[in-house]
2 protein chains.
Amino acid sequence: MLDQIDVKILRQLQANGRLSNQDLADQVALSPSACLRRVKTLEQEGYIDGYHALLNAPKLGYRVEAFVQVRIDQSNDDWHDQFIATIADLDEIADAYIITGNANYLLRIRARDFEHFSTFIIHTLNRIAGVRDIQSNMVMQNLKNNGKLLPLPNSVPK
Amino acid sequence: MLDQIDVKILRQLQANGRLSNQDLADQVALSPSACLRRVKTLEQEGYIDGYHALLNAPKLGYRVEAFVQVRIDQSNDDWHDQFIATIADLDEIADAYIITGNANYLLRIRARDFEHFSTFIIHTLNRIAGVRDIQSNMVMQNLKNNGKLLPLPNSVPK
DNA sequence: GCTGAAAGTCGGCACCT
DNA sequence: AGGTGCCGACTTTCAGC
């Protein structure tokens, strides 16, 4: 179970993944060794999945972002497995979800420009076996990103 | 401009945001001081937006994820500004985008359970001024997350 | 723009409360 | 559980190539 200090630690590391253990210890009012032990435990128990640098997509040449809904022909089970295996290797696909509703999959796509995007849709996505219908929604503006998980309002984590 | 070593640095830090400068220097075949200078430059020039611990949502009590499309009454410009200002403070909204298509906004929602989700939709989202239509798609499975930005296939960053 | 050395700082562990 | 102290490793700066 998480206590209030654990939640503080998670919140701090979420905001700044490179916080030194000493600074972290100061912020949660613990000695460095006690703080480090808690962090290691949180990592081992799976509360922290990893640490990552957040790169700036436009700066790196990715100026197009879009959400694409894909329907596949459900009369064939193999196509589902094949689809999942295929998208794992496609760099243009940032995120992928199985969703309820009319479509089977929701994909978040990142591409260099619109030409790159349309080529990807027509010549890559559209040619995966079983793909029936593709509906694209371009991102015009990114209002909020990766909203913080904590504070957990009234939540009682298992 | 980025050279090959910069790209290697970005790729490494993307995969592991807590890599020590010394280990990073080894991996890109540079001395620690030269490596550190490049990292600082990359940060200052905005290629790296930050470092964050990736927290495990289910472990923290968030078991429901959904994409919600929102249409607002476009006859009133103020509602747009108001909507943006309101969603910034809502913890349940992880990401928010302005998109093309029938809806105005696409929101990624995280909630503790279905009751939390439906309460949020009915009593919070639905009551924001100007909101006309809400369409929800629940996430049944998360197939891919935060696909890596690099390597930049054939891209020539500005 | 990189290297190498020096000084300050930190992480990790043993031990104690 | 948390705190103290120690040592080896690391970060960071700066002079020099």
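Here is how names work: the chains are called A, B, and so on, in the same order as the sequence lines, proteins then strands, and each is numbered from 1.
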Integer-rounded Å distance: dC10(C) C1' and Arg18(A) CZ: 13 Å
Within the 4.5 Å heavy-atom criterion, are His80(A) and Tyr105(A) side-chain neighbours or not? yes
Should we count CG of Asn102(A) as having more than 12 external heavy atoms under 6.0 Å? no
Electrostatic pair Asp95(A):Lys144(B) at N-O distance under 4.0 angstrom: no
Asp3(B)/Arg38(B) ion pair, N-O < 4.0 Å: yes
Pairing of Asp113(A) and Arg63(A) as salt bridge, 4.0 angstrom limit: no
Per the under-4.0 Å heavy-atom filter, residues of residues 25-42 of chain B near DNA chain D come out as Ser33(B), Leu36(B)
Main-chain N/O of Pro32(B) paired to Asn21(B) side chain as donor or acceptor, under 3.5 Å: yes
Contact boundaries on DNA chain D for chain B, cut-off under 4.0 Å to non-hydrogen atoms: dC10(D) to dT13(D)
Asn21(B) CG to dT3(C) P, straight-line distance once rounded to whole Å: 12 Å
Looking at Glu92(A) and Arg110(A), is there a salt bridge between them, counting it only when a charged N and a carboxylate O are closer than 4.0 Å? no
Between Leu125(A) and Val131(A), which heavy-atom pair has the shortest distance, and what is it? O-CG2, 3.6 Å
